[in-house]
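Everything numeric in this text was worked out from a predicted model, so none of it was measured. Just follow the structure's listing: the first ligand is 1, and inside any ligand the first atom is 1. The figures that follow rest on heavy atoms only: side chains count, while hydrogens, waters and symmetry mates do not.
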Amino acid sequence: MKQAMSNKDPQDAIYAKSHDQIVDFEFNDGVARVFPDMIRRSVPGYGTLITMIGLLAEQYAQPNSNIYDLGCSLGAASLSMRRRIQHHDCRIIAVDNSEAMTERCRNNIAEDISPIEAEVVCSDIRDINFERASVVVLNFTLQFLPPEERQALLNKIYAGLLPGGVLLLSEKLVFTNPDESALQDKLHLAFKKANGYSDLEISQKRTALENILIPETLKQHHDRLKRVGFQQSHTWFQCFNFASILALK
Ligand code: GEK
């Protein structure tokens with residue numbers, strides 16, 4: 001985790017210079033290299049979320065069960081959970097379809113000494129079979145799936161969860177109320193500027209993400225979780241246009 005969260009992380013300057021053409025954002029080697037800096041400066045509350053995912057996993061992990069971290073990037077959530085979970089017979093399965101991410105994630109996990117087994121899998125999360133799961137984490141990953149494919153993934157996750165198992169779902173949000181939307185966007189913009197991103201970087205990155213990160217409203221998420229069959233879903237964290245939901249089977 002030290003490596004994934006350190007202040008000496010290489011700085012994200014991917015969109016600092018003007019690009020002739022902005023292509024769709026990709027989780028390639030250049031992004032993986034600067035990822036800890038990028039996500040910390042772009043997602044308000046990211047550090048708190050990572051710490052709390054560890055704490056929540058400690059509450060909900062069941063003995064001899066699987067813990068899935070879907071879209072694990074460099075493994076920050078996996079490392080946080082691995083440090084807090086008390087059942088040493090749990091197994092963490094960290095999945096990402098970016099080779100650049102999984103390669104670095106494997107190194108981060110190998111450097112972290114823990115009795116809890118952790119495996120890093122390079123795969124699309126839609127191809128994973130979930131079994132005996134007590135905790136499933138989607139920390140800012142569902143938003144990258146086409147909206148029409150989100151329910152099918154959640155159905156599969158639900159089927160693989162043990163009774164009492166939980167899904168931790170963090171997402172960027174949109175709002176139906178135009179005043180709230182303008183206010184939350186303005187505050188997020190202020191956050192990114194306070195973290196040293198220029199107007200040019202912010203606007204070029206926004207264009208690059210336009211077609212691949214499709215945010216939904218909190219209501220759309222809660223309604224879908226209900227349709228999937230979750231007994232309860234509660235928003236346990238929100239900072240500006242970023243939120244996290246805990247859904248209980
Ligand atoms: C963290 N959870 O630090 N299958 C597998 N991986 C995917 C897919 C897919 N279909 N689509 C996207 N990804 C992390 C942060 S980042 C969030 C998650 C962000 C992966 C993608 O390669 C990337 O590593 C991750 O999901 C999203 O807690 O960058 O805003």
Side-chain angles (χ1 to χ4, degrees), residues 1 3-6 9 12 14-15 24-54 56-57 67-83 92-106 108-109 118 120-130 135-150 152-154 156-157 167-173 188 191-192 197 202 205-206 208-216 237 239-245:
M1 181 92 132
Q3 190 174 347
M5 300 291 294
S6 142
D9 290 322
D12 167 28
I14 292 176
Y15 294 102
D24 280 353
F25 189 85
E26 262 183 61
F27 291 98
N28 56 24
D29 201 57
V31 168
R33 200 179 70 81
V34 299
F35 188 74
D37 178 69
M38 174 186 277
I39 196 148
R40 195 174 50 227
R41 288 164 69 210
S42 310
V43 176
Y46 175 74
T48 302
L49 277 161
I50 291 296
T51 306
M52 295 307 158
I53 286 171
L56 289 166
I67 314 291
Y68 293 88
D69 179 9
L70 305 178
C72 60
S73 299
L74 303 183
S78 288
L79 290 170
S80 176
M81 294 193 285
R82 203 183 189 201
R83 291 197 177 155
I92 296 177
I93 300 145
V95 185
D96 203 291
N97 65 353
S98 156
E99 269 186 35
M101 290 291 192
T102 46
E103 209 184 300
R104 284 177 160 82
C105 183
R106 255 181 223 117
N108 291 341
I109 296 223
V120 181
V121 180
C122 187
S123 162
D124 194 295
I125 54 175
R126 289 164 287 191
D127 298 332
I128 297 293
N129 287 321
F130 303 98
V135 178
V136 178
V137 173
L138 277 165
N139 200 36
F140 304 112
T141 305
L142 193 67
Q143 59 196 16
F144 292 107
L145 287 195
E148 66 279 9
E149 295 187 30
R150 296 178 186 179
L153 173 70
L154 296 178
K156 265 179 92 177
I157 291 173
L167 169 67
L168 304 176
L169 172 65
S170 312
E171 290 274 293
K172 185 173 187 191
L173 301 176
H188 183 218
F191 173 81
K192 286 185 286 190
Y197 281 123
I202 294 168
K205 185 160 181 208
R206 186 176 291 150
L209 281 171
E210 211 155 47
N211 300 319
I212 67 151
L213 190 172
I214 301 168
E216 296 175 295
F237 175 91
C239 186
F240 308 146
N241 43 355
F242 293 81
S244 192
I245 295 171

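Below 4.0 Å from some heavy atom of I50 lie the following atoms of ligand 1, by number and element: 28 (O). Those atoms of ligand 1 with a heavy atom of F35 less than 4.0 angstrom away are 3 (O), 15 (C), 16 (S), 29 (O). Less than 4.0 angstrom separates some heavy atom of S98 from each of these atoms of ligand 1: 22 (O). Within the listing of ligand 1, atoms 30 (O) sit less than 4.0 angstrom from a heavy atom of Q143. For ligand 1 and M101, the ligand atoms under 4.0 Å from any heavy atom of the residue are 24 (O). Close contacts of ligand 1 with F140, meaning ligand atoms under 4.0 Å from a residue heavy atom, involve 16 (S), 17 (C), 18 (C), 27 (C). Interface atoms of ligand 1 facing L145, defined by a heavy-atom separation under 4.0 Å, are 10 (N). In summary, the atoms of ligand 1 found under 4.0 Å from a heavy atom of R126, numbered by their order in the structure, are 10 (N).
Interatomic distance, Y46 OH to C239 SG, rounded to the nearest 0.5 Å: 15.0 Å.
Around the CD atom of E99, the shell of radius 6.0 Å holds no more than 12 heavy atoms that belong to other residues, nucleotides or ligands. The local environment of CD in E216 is crowded, with over 12 non-hydrogen atoms from other residues, nucleotides or ligands closer than 6.0 Å.
Salt-bridge formation is not detected for the pair D127/K156: no Lys NZ or Arg NE/NH1/NH2 atom is positioned less than 4.0 Å from an Asp or Glu carboxylate oxygen.
At least one N or O atom of D96, backbone or side chain, sits closer than 3.5 Å to an N or O atom of ligand 1. Between G71 and ligand 1, an N or O atom pair is found at a separation short of 3.5 Å. Ligand 1 has a nitrogen or oxygen under 3.5 angstrom from a nitrogen or oxygen of N139. At a 3.5 angstrom cut-off on N or O pairs, C72 does not count as close to ligand 1.
Two residues are said to be in side-chain contact when any heavy atoms from C-beta on lie closer than 4.5 Å; L168 and V135 meet this criterion. Inter-residue side-chain proximity for L138 and L154 is flagged as met; some heavy-atom pair is nearer than 4.5 Å. Taking the side chain as every heavy atom from C-beta outward, P44 and H188 approach each other to under 4.5 Å. In this structure, the side chains of L49 and F242 stay at 4.5 Å or more apart for every pair of heavy atoms. Using a 4.5 Å heavy-atom cutoff, the side chains of M52 and F237 are not in contact.
Comparing L70, L138, N97 against atom 13 (N) of ligand 1, the shortest heavy-atom distance belongs to N97. For atom 30 (O) of ligand 1, the choice among F242, Y46, F144 with the nearest heavy atom turns out to be F144.
Judged by the shortest distance from any of its heavy atoms, S123 lies inside the 4.0 Å radius around the atoms of ligand 1. For the ligand labelled ligand 1, residue M38 lies outside the 4.0 Å heavy-atom shell.
Under a 3.5 Å cut-off, the side chain of D9 and the backbone N or O of D37 do not form any donor-acceptor pair.
Side-chain contact of T102 with D96: a donor-acceptor pair under 3.5 Å is absent, judged by distance alone.
With a 4.0 Å cut-off on non-hydrogen atoms, K172 does not touch ligand 1 at all.
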